[in-house]
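Data first, discussion second: the structure below is written as structure tokens.
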Amino acid sequence: VVEEVKKTGNREIQRGEDPIQVAKSAFDAGCPQYALSILEPLQTQIIRDPMAAIFHAQVLHSRGRVEEAWERLEGTE
């Protein structure tokens with residue numbers, strides 16, 4: 001399942017799909033680590049988008065990175 005989600009996600013990103021939406025699809029498909037790997041390079045974009053920041057915090061929390069998730073939420077206005 002993970003490999004298929006990654007293959008689909010990579011294809012969507014290459015086609016120009018919104019990477020945050022691709023990450024949400026991956027997360028919903030049960031691949032939080034892959035979702036996180038998509039989100040990590042998008043820090044500047046995530047900081048400017050409160051909904052993306054909340055989603056990023058959710059993914060961080062799901063991976064046990066609770067303190068980072070909390071810091072992400074604290075930075076959201």
Side-chain angles (χ1 to χ4, degrees):
V1 173
V2 174
E3 288 306 314
E4 188 60 35
V5 171
K6 285 182 176 181
K7 192 182 301 181
T8 301
N10 290 337
R11 199 168 38 241
E12 290 174 352
I13 290 170
Q14 287 176 350
R15 282 196 319 244
E17 301 288 332
D18 177 16
I20 293 173
Q21 290 302 318
V22 174
K24 285 181 182 177
S25 295
F27 185 76
D28 291 344
C31 300
Q33 187 61 45
Y34 176 57
L36 195 57
S37 74
I38 295 170
L39 295 173
E40 291 296 329
L42 304 174
Q43 295 304 310
T44 304
Q45 182 179 345
I46 290 169
I47 289 169
R48 288 184 263 135
D49 181 347
M51 293 307 290
I54 291 168
F55 172 62
H56 188 217
Q58 178 184 6
V59 176
L60 287 167
H61 188 269
S62 78
R63 301 305 300 153
R65 294 166 62 179
V66 179
E67 190 169 325
E68 287 176 80
W70 182 250
E71 289 171 0
R72 171 62 66 212
L73 290 175
E74 284 182 324
T76 304
E77 296 183 15

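For reference, positions follow the sequence shown, starting with 1.
The distance from the NE2 atom of His56 to the CD atom of Glu68 is 7.5 Å, given to the nearest 0.5 Å. Here the CG atom belonging to Asp49 is positioned 5.5 Å from the CD1 atom belonging to Ile20, to the nearest 0.5 angstrom. Atom CD of Glu12 is separated from atom CZ of Arg15 by 5.5 Å, given to the nearest 0.5 angstrom. Here Lys24 contributes atom NZ and Asp18 contributes atom CG; the two are 8.0 Å apart, rounded to the nearest 0.5 Å. Atom CG of Leu60 is separated from atom CD of Gln58 by 10.5 Å, given to the nearest 0.5 angstrom.
Among all heavy-atom pairs drawn from Ala35 and Ala23, the shortest one is CB-O, 3.3 Å. The two residues Pro32 and Ser62 make their nearest non-hydrogen contact at CB-OG, 3.6 Å.
For Asp28, there are no side-chain hydrogen bond (donor to acceptor under 3.5 Å, both in side chains) partners two or more places apart in sequence or in a different chain.
Hydrophobic clustering keeps Leu73 apart from Leu39 (ILVMFWY residues linked when any side-chain heavy atoms are closer than 4.5 Å, directly or through intermediates).
Considering only heavy atoms from C-beta on, Tyr34 stays 4.5 Å or farther from Val59 through its side chain.
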Side-chain donor-acceptor distances from residues 40-47 under 3.5 Å, at least two apart:
unit_1: Gln43; atom_1: OE1; unit_2: Arg72; atom_2: NH2; d: 2.3
unit_1: Gln43; atom_1: NE2; unit_2: Glu40; atom_2: O; d: 3.1

